[in-house]
Structures are given as C-alpha cells and as structure tokens.
Amino acid sequence: MSTAIIVVGANGRMGRTISGLAANDPAYTLAGLVDSKEHLDALSGAGCPVADSLEALLPQVPGAVVIDFTAPAVSLHSARVAARTGHALVIGTTGLTGEQKDELRALAEKAPLFWSSNMSIGINVLLKILPELTKALGESYDIEMVELHHNRKKDSPSGTALTLGECLAEARGWKLPDVRCSSRDGIIGERPKAQIGIQAIRGGDVVGVHTIYFMGPGERIEVSHQAHSRETFAQGALRAAAWLSRQKPGKLYGMQDMF
C-alpha cells in the first residue's frame, strides 16, 4: 500500500525534488501540494490538490503524511496544524532555535512528528561512527569542521554541521555552545584545547559538503561527506514518511529512531 504524501513548500528546491520523486515511485502517492498564493500557478497540472494553506488541504487527504522543508516559522506552523489534526509530519528544516525544538517535542505528544537536520543515510551513519573515533583518538587531537553550501542557504553554520558538532562535543564531554568557534580574526592567541571550530563557506550551487578534521601530533585525519544531489535528502524524507505513518505520538522522532 502506498504512502500518501503532502509537500509543504512545494515550489522550493527541496519541495520540487520530493514531489517529483513521490509522483514517480509506486510506493508513494502525491496527495497534495502547499505553497504561497504567488506560487500556486507554478503548481498547476500537478495532478493532485493544491492549496495556499495546510489547514485547507488536510481535510481532503485524511491519513496523508506531510513533508516540510521550508523555514523554521513555517515548519513550526505545520507542526501546530498536525498536532491539531493528528496528521504525521516530517520536517527537514534547519535553523530551528532551541525554543522551537522544545515546542516540536511538546507537539509530538499529540501527533507523530519527525525532525532531522539531515536526511541522508551517510550523515546519520557518521553520527554513529564519529563518537567512537573521537574517543579513540583522545584529547591530543584538535577537532575542526568546514561546511560548504550553495549561495542561497540562509542559516550558518548549517544544521548538519551543528548536529555533527554536538555529536563530537558530547564525545569529549563538552557542550557545543561552550566550545564552538565559528569566527577567527586578528590576534586571537593560541587555540584553546576545549574548542571545536565550525567554519562556513558559501558559493555556487553546492548541495552540501561537511569535512571534519582530527589534527594530532604528526598526523591529520579527515572525514568528509559530500551530497551530490538533493535527491539524497528527498529519498530520506520519503523513507521517513513511510516509516512515520506507522508510528504513534509520544516523542519527536529522528533518523536514529528509524534506523
């Protein structure tokens, strides 16, 4: 049985990618598209209901799973609507504040909600492997990260970089906000040992590259993940939607739960 999918932000880069994959995969049914009024003409001919609000669309497609890769305020609105209606919701939006994540956790008590800063399989395997590598190398190895994205990305550092950074900091027994350094300029003195540098580069149409450096006495280890296509994240989101359709409310789910 196919999973019915509603895409919020359907005219965006990720929205178009998810919609295209869902429409061409028999495991899914593209059940509805949501975007702002000025973009509705671009969505005509999609072969499914189109609306400028999630509230208007949901009654037409009971049981559908909503996928939202938009902006923090929009995604949080989608979560509030899902909590009222009981629809399952997958969020891939980055740049959420701690308070917004706390609200998502509260709303997840009322409807199945899923959030991940990165839906790729590779990144989520790294989140399992990096703590072990960090602990094995020990504190004589400095940790730095560089993330590279397209010139239209709005948040910095990327949500994925922050998630990776939290994973690395936890393996050292640190809290990322206490040790993160995302800017160096001028005479700054020696690098503190309790520090994780996360630097952002923006340009062109780069989908996403994250490279972690472990720099120790006489050697350097580099672990790099490169996303070649947005389809990587779209496939992960669709897989999450199918999985979430079988889950109950009670917690804010993530990729590790699905694995």
Flag, side chain of [X] to backbone of [Y], donor-acceptor distance under 3.5 Å:
X	Y	result
D25	A22	no
R105	L252	no
Y28	A23	no
R84	E55	no
S245	A242	yes
S44	D41	yes
S116	N118	yes
Q100	T97	yes
T93	T70	yes

Residues passing the salt bridge (charged side-chain N to carboxylate O under 4.0 Å, His left out) test with D35, sequence neighbours excluded, are none
Non-neighbouring partners of K153 that pass salt bridge (charged side-chain N to carboxylate O under 4.0 Å, His left out), sequence neighbours left out: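 Expected list: D155.
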Shortest non-hydrogen contact between [X] and [Y], atoms and distance:
X	Y	value
P131	L127	CD-O, 3.3 Å
S120	N124	O-ND2, 2.7 Å
A111	A82	CB-O, 3.4 Å
L113	A79	CD1-CB, 4.2 Å

For E144, give me all partners under side chain to side chain donor-acceptor pair (under 3.5 Å), at least two apart in sequence or on another chain. R184, R191
One thing to verify: whether [Y] and [X] come together as a salt bridge, which I'm taking to mean a side-chain N less than 4.0 angstrom from a carboxylate O.
X	Y	result
K175	D178	no
K193	D142	yes
E147	R202	yes

Set of ring-ring contact (aromatic ring centres under 6.0 Å, His included) partners for Y253, sequence neighbours left out: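 ring-ring contact (aromatic ring centres under 6.0 Å, His included) list for Y253, sorted by chain: W243.
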Set of ring-ring contact (aromatic ring centres under 6.0 Å, His included) partners for W174, sequence neighbours left out: none
Grouping I, L, V, M, F, W and Y whenever their side-chain heavy atoms are under 4.5 Å apart, do [X] and [Y] come out in a common cluster?
X	Y	answer
M14	I121	yes
V34	F69	no
L21	M258	yes
I198	Y141	yes
V90	V61	no

Heavy-atom side-chain proximity of [X] to [Y] below 4.5 angstrom:
X	Y	result
I196	R180	no
V207	S229	no
R172	I143	yes
S78	I91	no
R13	R152	yes
L96	K101	yes
T29	T3	no
H149	V209	no

Can you check salt bridge (Lys or Arg N to Asp or Glu O under 4.0 Å) on E103 and R80, steps first, answer last? CA-CA 9 Å; E103 184 172 354; R80 292 167 184 153; 2.8 Å; yes
Among L107, L54, V66, which residue satisfies the side chain to side chain contact (heavy atoms under 4.5 Å, CB included) criterion with V81? L54
Pairing donors with acceptors under 3.5 angstrom, does anything connect the side chains of T94 and S117?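 Looking only at side-chain atoms, S117 and T94 do not form any donor-acceptor pair under 3.5 Å.
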Under 3.5 Å, is there a donor-acceptor pair between the R230 and T232 side chains?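 No pair is found: no donor N or O on one side chain lies under 3.5 Å from an acceptor on the other.
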Pairs of donor and acceptor atoms involving the side chains of residues 220-228, under 3.5 Å and at least two apart or interchain, shall be tabulated with distances.
from, atom 1, to, atom 2, distance (Å)
R220, NE, E222, OE2, 2.8
R220, NH2, E222, OE2, 3.1
S224, OG, T211, OG1, 2.9

